[in-house]
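Each remark here refers to the structure printed beneath this line.
Chain A is the first sequence line, chain B the second, and so forth, proteins listed ahead of strands; every chain is numbered from 1. Both backbone and side-chain heavy atoms feed into the values below; hydrogens, waters and symmetry mates do not.
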Amino acid sequence: MKVFNSMSGKKEDFVPIEKDKVGIYACGVTVYDYSHIGHARSAVVFDVIRRYLNYKGLAVKYVRNFTDIDDKIIKRANDDGIAWDEVSRKYIAEYYTDMDRLGVARADVEPKATDHIQEMLNVIKALVDMGHAYVSEGSVYFAVDSFRDYGKLSGKEQKDLLAGARVNIEEKKRNPSDFALWKASKEGEPWWESPWGKGRPGWHIECTAMAIRHLGESIDIHGGGADLIFPHHENEIAQSEAFTGKPFARYWVHNGFITIDKEKMSKSLGNFFTIREILEKYDPEIIRLFLLSSHYRSPIEFSNEQLHDAESSLDRYYSTVARINEFLSAVQATAQRTPKNDDAVMGELKAVLDTFKNRFEEAMDDDFNTALAIGHVFELIRVTNKFLDAKHSGGDAQKLIGQAQEALHIAGSVLNLFQRTPAKWNIDLLATRKIPLTSIDIEQKIEDRKAARQNKDWTLADSIRKELEEMGILLEDGKSGTGWKVKIV
RNA sequence: GGCGACGUACCCAAGUGGCAAGGGGGAGGUCUGCAAAACCUUUAUCCAGCGGUUCGAAUCCGCUCGUCGCCUCCA
């Protein structure tokens with residue numbers, strides 16, 4: 001298995017520190033607002049990485065933190081006139097609401113910064129003692145000069161940073177690049193006792209303290225959005241490695257951004273969509289498929305058109321599953337019919353099935369190439385449909401289609417996609433589209449139309465079809481009766 | 001200014017040395033009472049441009065153009 005390591009800028013063979021075990025630490029969110037689609041991407045990407053490693057038989061311990069104390073949380077609390085911890089509690093709950101809908105599983109450990117103050121203080125104290133950090137007016141700063149490898153992840157040199165002249169010049173710091181490990185609290189701010197007086201932790205130190213606490217001094221995979229490379233992960237490396245003398249993480253994995261009109265979606269630009277805004281119009285699985293249809297490191301442009309494409313693909317998937325189900329029940333009824341075997345179509349399906357699992361794993365082994373993996377899924381969908389069209393019947397055909405079902409199931413469970421029944425997909429779409437009909441209403445209409453068709457009253461039959469179509473429902477006449485689906489426009 | 005990424009058809013997107021996956025859309029066809037779905041044919045002799053390496057390159061190297069990101073909180 002190969003994983004792209006931001007540290008080397010190359011794909012590297014994945015070898016965990018301890019055989020068959022993987023420790024993953026992914027930087028989570030600062031909980032001061034609703035999550036946007038960019039947060040969703042990161043969460044979904046690491047969710048899939050974790051699921052795939054599990055699938056490969058590795059014992060994964062996945063840690064994803066919540067930053068529950070920080071300037072923005074305090075500001076939010078002041079703006080809303082509530083306590084800072086009320087803000088963090090609220091947005092943690094909202095985070096779960098969104099992520100649950102997107103099929104993102106809980107991490108094994110979801111530590112909060114404020115539950116690890118003591119661990120942070122221990123690291124900071126040690127860094128001060130070792131001469132890597134210094135105290136200044138009640139705050140503690142990490143001395144970047146004291147860590148020779150500073151910049152090794154982001155490829156930034158001290159002189160380059162200064163040339164940018166965008167680094168905060170603070171009187172209290174010896175070097176503009178030094179960063180706060182501990183901040184003296186200002187009047188009215190939350191605080192914890194420390195050897196340097198009342199204060200609160202800086203941002204970067206929490207990940208060091210929590211990663212070490214829950215995963216040990218060296219972890220296998222450390223990840224997050226690409227915007228965390230500098231300064232966050234760079235600073236984590238500096239303080240962690242200065243503290244332990246050991247490499248902090250073996251593989252640095254960073255997901256790309258989501259852009260809008262080619263510009264990075266971000267809070268500061270204001271060009272973001274929250275997850276729940278998008279969920280108003282689109283089924284959560286559409287978002288998940290959209291996010292996984294590109295490689296995790298590529299930038300992806302967010303647009304309604306893209307979501308619509310994903311919706312059409314997903315509908316294609318579920319339509320095929322419906323055909324598969326129909327076929328399997330029909331075959332059981334006519335299992336004794338002589339199969340007409342082994343023509344080219346059957347051969348093609350066999351060939352695709354024979355290699356499917358391998359190709360799926362190959363794709364995922366190659367730096368978690370979900371886009372390619374999904375491509376394989378749809379190739380299988382195509383040849384399955386073709387096979388179904390050829391109207392085979394009998395035991396061999398049943399076995400092949402059963403295998404296709406199984407193959408789709410394996411891929412779907414790793415990606416956590418395609419987990420519904422076609423009926424559920426359409427019923428859920430009814431709700432997403434806000435179509436004021438229940439499946440029972442529709443079934444009734446289908447019965448009415450059936451009667452009309454039996455009387456060869458095509459005018460009435462067609463008017464029922466038309467009436468439903470205007471509401472966004474398509475009727476499909478098949479051998480075993482009439483089915484319905486929500487029209488993808 | 002420093003560092004880095006990317007540029008594949010109408011749109012999205014995979015593909016890091018050997019005949020360009022997959023999805024969406026368009027056109028024509030088969031099937032159907034009419035439809036829909038599905039399938040078939042078609043839509044890149046070519047991968048931003050120009051040079052180079054090679055028997056052979058979208059894939060490696062160089063240059064040019066274009067787009068984006070990081071260098072400030074940010075997934």
- Message: How many whole angstroms separate atom NE2 of A:His233 from atom P of B:A75?
- Response: 11 Å
- Query: Of the options A:Tyr318, A:Tyr317, A:Trp425, which is the one that meets A:Glu285 in a side chain to side chain donor-acceptor pair (under 3.5 Å)?
  - Reply: A:Tyr318
- Task: Can you figure out which of B:G24, B:C70, B:U67 approaches the side chain of A:Ser312 most closely?
- Result: B:G24
- A:Asp448 and A:Gln444 side chains, donor-acceptor separation under 3.5 Å: yes
- What nucleotide among B:G33, B:A38, B:G69 has an atom nearest to a side-chain atom of A:Arg453? B:G33
- Out of B:G24, B:C12, B:A14, whichever nucleotide has its closest atom nearest the side chain of A:His308: B:G24
- Message: Taking any heavy-atom pair under 4.0 Å as a contact, classify A:Phe290: base, sugar-phosphate, or nothing.
- Response: nothing
- Message: Suppose we call a contact any N or O donor and acceptor under 3.5 Å apart; does that hold for the side chain of A:Arg465 and the base of B:A35?
- Response: yes
- Task: Could you let me know what B:A21 is paired to, Watson-Crick or G-U wobble, both distances under 3.5 Å, or none if it's on its own?
- Result: none
- Using a cut-off of 4.0 Å on non-hydrogen atoms, how would the nucleic acid contact of A:Gly225 be classed: base, sugar-phosphate, or nothing? sugar-phosphate
- Can A:Lys267 be said to sit on top of A:Tyr32's aromatic six-ring, NZ or CZ under 6.0 Å from centre and within 45° of the ring axis? yes
- Query: How would you label the contact of A:Glu263 with the nucleic acid (heavy atoms, under 4.0 Å): base, sugar-phosphate, or nothing?
  - Reply: sugar-phosphate
- Task: With RNA chain B as reference, determine whether A:Lys11 or A:Lys267 sits nearer its 5' end, using the nearest nucleotide of each.
- Result: A:Lys11
- Is B:C3 paired to anything, Watson-Crick or G-U wobble with both distances less than 3.5 Å, and if yes, which nucleotide? B:G69
- Query: Is there a donor-acceptor contact under 3.5 Å linking the side chains of A:Tyr296 and A:Arg41?
  - Reply: no
- Task: Would you indicate what A:Glu305 reaches in the nucleic acid, counting non-hydrogen atoms under 4.0 angstrom: base, sugar-phosphate, or nothing?
- Result: sugar-phosphate
- Answer yes or no: does a side-chain N or O of A:Thr259 lie under 4.0 Å from OP1 or OP2 of B:U67? no
- Task: Could you tell me whether A:His254 contacts a base, only the sugar-phosphate backbone, or nothing, with contacts defined as non-hydrogen atoms closer than 4.0 Å?
- Result: nothing
- Roughly how many Å is it from CG in A:Leu314 to P in B:G22, rounded to a whole number? 19 Å
- Item | Residues A:Ser303 and A:Gln306: side-chain donor-acceptor under 3.5 angstrom | no
- For B:U45, which nucleotide in any strand shown is its Watson-Crick or wobble partner with both distances under 3.5 Å? none
- Classify the nucleic acid contact of A:Leu474 as base, sugar-phosphate or nothing, counting any heavy atom under 4.0 Å across all strands shown. sugar-phosphate
- Message: When both hydrogen-bonding distances must be under 3.5 Å and the geometry is Watson-Crick or G-U wobble, what is B:G51 paired with, if anything?
- Response: B:C61
- Searching all strands shown, indicate the nucleotide that pairs with B:C34 (Watson-Crick or G-U wobble; both distances under 3.5 Å). none
- Message: Is there a side-chain contact between A:Asn255 and the phosphate of B:A75, meaning an N or O under 4.0 Å from OP1 or OP2?
- Response: no
- Task: Go ahead and name the base partner of B:C39; Watson-Crick or wobble counts if both distances stay under 3.5 Å, otherwise write none.
- Result: B:G29
- Task: Check whether any side-chain nitrogen or oxygen of A:Lys386 sits under 4.0 Å from OP1 or OP2 of B:C40, and answer yes or no.
- Result: yes
- Query: Hey, what's the ring geometry for A:Phe273 with A:Phe302, parallel, tilted or perpendicular (30° and 60° as the breaks)?
  - Reply: tilted
- Task: Report which part of the nucleic acid A:Ile381 touches: base, sugar-phosphate, or nothing (heavy-atom distance under 4.0 Å, all strands).
- Result: nothing
- For A:Glu379 and for A:Ile258, find the nucleotide of RNA chain B with the closest heavy atom, then tell me which residue's nucleotide is more 5'. A:Glu379
- Item | Closest nucleotide among B:U16, B:A75, B:C68 to the A:Lys262 side chain | B:C68
- Residue-phosphate contact under 4.0 Å: A:Lys264 side-chain N/O, B:C70 OP1/OP2: yes
- Ranking B:A75, B:C73, B:C39 by distance to the side chain of A:Arg382, first place goes to B:C39
- Task: Would you mind reading off the distance between A:Glu348 atom CD and B:C39 atom C1', rounded to a whole angstrom?
- Result: 11 Å
- Task: Please tell me which of the listed nucleotides, B:C73, B:A14, B:A38, lies nearest to the side chain of A:Pro231?
- Result: B:C73
- Counting side-chain heavy atoms from C-beta on, which of B:A35, B:C73, B:G15 comes nearest to A:Asn369? B:G15
- Item | Pair A:Tyr150, A:Asn235: side-chain N/O donor-acceptor within cut-off below 3.5 Å | yes
- State which of B:G24, B:G69, B:A14 makes the closest approach to the side chain of A:Ala371. B:A14
- Taking atom types as they are modelled, is there a donor-acceptor pair under 3.5 Å from the base of B:C34 to the side chain of A:Asp477? yes
- Using a cut-off of strictly less than 4.0 Å, decide whether A:Arg316 has a side-chain nitrogen or oxygen near OP1 or OP2 of B:C39. yes
- Would you check if there is a donor-acceptor pair between the side chains of A:Trp84 and A:Asn78 at a distance under 3.5 Å? no
- With heavy atoms under 4.0 Å as the rule, sort A:Gly256 into base, sugar-phosphate or nothing. base
- Which one, B:C39, B:A21, B:G69, comes nearest to the side chain of A:Asn385? B:C39
- Query: For the side chain of A:Asp389, counting heavy atoms from C-beta on, which of B:A38, B:A75, B:U16 is nearest?
  - Reply: B:A38
- Message: Categorize A:Arg449 for me: base, sugar-phosphate, or nothing, with a 4.0 angstrom heavy-atom threshold over every strand shown.
- Response: base
- Message: What contact category does A:Ser266 fall into here, base, sugar-phosphate, or nothing, at under 4.0 angstrom with non-hydrogen atoms?
- Response: base
